[in-house]
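Numbers for residues simply follow the sequence, beginning at 1. The structure displayed is predicted, hence computed values, not measured ones.
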Amino acid sequence: MAMMRAAGVAEFGAADRLRIVAVPRPEPGPGEVLVRVRAAGVQPADVAVRSGWLPPGAPPAEFPVVPGNEFAGVVEGTGEEVAGFRVMRCYAEYVVVPETQIVPKPEGVGWAEAGALSASGQTAHTALERLDVRKGETLLVHGAAGGVGTMITQLAVRRGVRVVGTASAANQDHLRGLGAVPVVYGDGEPDRLREAGPFDAVLDAAGRGNLRTDVELVADRSRIGSIVDWELARELGCLWIGSDRNQARLAELLDLVAHGELRVTVRAAYPLEEAWKAHADVESGHGRGKVVLIVG
Ligand SMILES: NC(=O)c1ccc[n+]([C@@H]2O[C@H](COP(=O)([O-])OP(=O)(O)OC[C@H]3O[C@@H](n4cnc5c(N)ncnc54)[C@H](OP(=O)(O)O)[C@@H]3O)[C@@H](O)[C@H]2O)c1
């Protein structure tokens, strides 16, 4: 059996459990493609998977557990017809994915940027769609400096939406650079938000009970969404937003990046061998844009 290198854990635990492991190289099944991974984005969900969280309905974990749910790479082989979605395990030299989930990378887009885009960008794009945000409206984004927040802020601004985004003091200029009106989170935040409003829609990309403030700010709860807090969204009758990935969405995002209309902020790139450092970085919960693993 052909083997490959990956970054994974032999048991759930802290970031420093992530090691290089040898795992069987996956074979593309019907409708799948084998991709040689060049870069993989690192997401908070990967930190959760490493720590023992399983997506609802997922089978029990098989060790070593290899995280990773967004990537860019080179197609090396194909299977025959279509299969469903699963956690990709793309902190590895190779990944197998349904061919309906990938599109060609434009020449001018770097591997790190492309690798950091497929989940975060598509989540942001999905959220704009679900919240039905239109030109001339004002959108509040909690966590606007993060991987998803940075994307939704730019996508909304280029649609002619006024974006108010929350971040730490260190990231206020970064948000201004993305075209948003920055607001510092923390003590006194609800008052500062009231001053920066009124708002037509809200995306909560930070959790921490923000939705409780949001329902005071926007009357129509179908225009308040969270990608973080499923339980509170359900309790308050707000939207739960999950990433809906498809080729059209990904192609549109890559095209925007290729034409300089969308910027992927990569704050740090680590080799696969240092996946644990990448996790420690993301797990800090702070920092602007994306963390990426470079493979090979
Ligand atoms: N539902 C889905 O399909 C889906 C998809 C992707 C992600 N998610 C979830 O969405 C969340 C965001 O993901 P991400 O990839 O954008 O994470 P990320 O890049 O790690 O986000 C970190 C950002 O959160 C900001 N932040 C920290 N504390 C905050 C607070 N109290 N208020 C506002 N912002 C705060 C930080 O800003 P400072 O550095 O300025 O502190 C930092 O920029 C995660 O919980 C992730 O699991 C869900």
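Across W111 and A39, no two heavy atoms sit closer than the pair O-CB, 3.3 Å.
The neighbour count for D187 CG, taken as heavy atoms of other residues, nucleotides or ligands under 6.0 Å away, does not exceed 12.
Going from atom SG of C238 over to atom CG of L232 covers 7.0 Å, rounded to the nearest 0.5 Å. Here the straight-line distance linking atom CG of L178 with atom OG1 of T150 works out to 5.5 Å at 0.5 Å rounding. Here the CG atom belonging to D214 is positioned 8.5 Å from the OG atom belonging to S226, to the nearest 0.5 angstrom. To the nearest 0.5 Å, atoms CG (L117) and NZ (K105) are separated by 11.5 Å. Here I241 contributes atom CD1 and T123 contributes atom OG1; the two are 10.0 Å apart, rounded to the nearest 0.5 Å. With values rounded to the nearest 0.5 angstrom, H142 atom NE2 is found 7.0 Å from L211 atom CG.
Without hydrogens or angle criteria, T166 side chain to V183 main chain gives no donor-acceptor distance under 3.5 Å. Looking only at distances, no side-chain donor or acceptor of E129 sits under 3.5 Å from a matching main-chain atom of H125. In terms of modelled atom types and a separation under 3.5 Å, the side chain of Q122 and the main chain of N246 share a donor-acceptor contact. E113 contributes no side-chain N or O that, together with a main-chain N or O of R263, makes up a donor-acceptor pair within less than 3.5 Å. A donor-acceptor pair under 3.5 Å is formed between the side chain of T126 and the backbone N or O of D244.
Legend: residues meeting salt bridge (charged side-chain N to carboxylate O under 4.0 Å, His left out) with E216, ordered by chain and number and at least two apart, are absent. Under the salt bridge (charged side-chain N to carboxylate O under 4.0 Å, His left out) criterion, K277 pairs with E274, not counting sequence neighbours.
P271 places none of its side-chain heavy atoms less than 4.5 Å from the side chain of L293.
Other members of the cluster containing W240 are W230, with ILVMFWY side chains joined at under 4.5 Å, either directly or via other members. Through side-chain heavy atoms spaced under 4.5 Å, either directly or across other Ile, Leu, Val, Met, Phe, Trp or Tyr residues, M3 is tied to M1. When hydrophobic side chains of Ile, Leu, Val, Met, Phe, Trp and Tyr are connected at separations under 4.5 Å, L54 ends up as a singleton with no cluster partners.
Sorted by first and then second residue, the pairs that involve residues 287-296 and meet side chain to side chain donor-acceptor pair (under 3.5 Å), not counting sequence neighbours, are E70-K290, S120-K290, N171-R288. Counting only residues at least two apart or on different chains, no ring pair (Phe, Tyr, Trp, His ring centres under 6.0 Å) pair has a member in residues 158-208. A salt bridge (charged side-chain N to carboxylate O under 4.0 Å, His left out) check over residues 131-146, counting only residues at least two apart or in different chains, returns the pairs D132-R134, E137-R223. Applying the salt bridge (charged side-chain N to carboxylate O under 4.0 Å, His left out) test to residues at least two apart or on different chains, the pairs with a partner in residues 44-66 are R50-E283. Within the structure, ring pair (Phe, Tyr, Trp, His ring centres under 6.0 Å) contacts touching residues 258-296 (residues at least two apart or in different chains) are Y91-H279. Residue pairs meeting the salt bridge (charged side-chain N to carboxylate O under 4.0 Å, His left out) criterion with at least one partner in residues 147-170, sequence neighbours excluded, are R158-E261.
Comment: D281 engages R267 in a salt bridge, judged by a side-chain N to carboxylate O separation of less than 4.0 angstrom.
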Report, one line per pair, each donor and acceptor closer than 3.5 Å where one atom sits in a side chain of residues 12-25; sequence neighbours left out.
{"residue": "R17", "atom": "NH1", "partner": "E11", "partner atom": "OE2", "Å": "3.3"}
{"residue": "R17", "atom": "NH1", "partner": "F12", "partner atom": "O", "Å": "3.2"}
{"residue": "R19", "atom": "NH2", "partner": "D16", "partner atom": "O", "Å": "3.0"}

Worked check of side-chain contact (heavy atoms from CB on, under 4.5 Å) between L140 and L193: CA-CA 9 Å; L140 167 61; L193 290 178; 3.6 Å; yes
side-chain contact (heavy atoms from CB on, under 4.5 Å) assessment of Q247 paired with Q101: CA-CA 6 Å; Q247 283 172 313; Q101 291 290 329; over 6 Å; no
Step-by-step salt bridge (charged side-chain N to carboxylate O under 4.0 Å, His left out) determination, E189 to R194: CA-CA 9 Å; E189 179 181 343; R194 265 180 217 104; over 6 Å; no
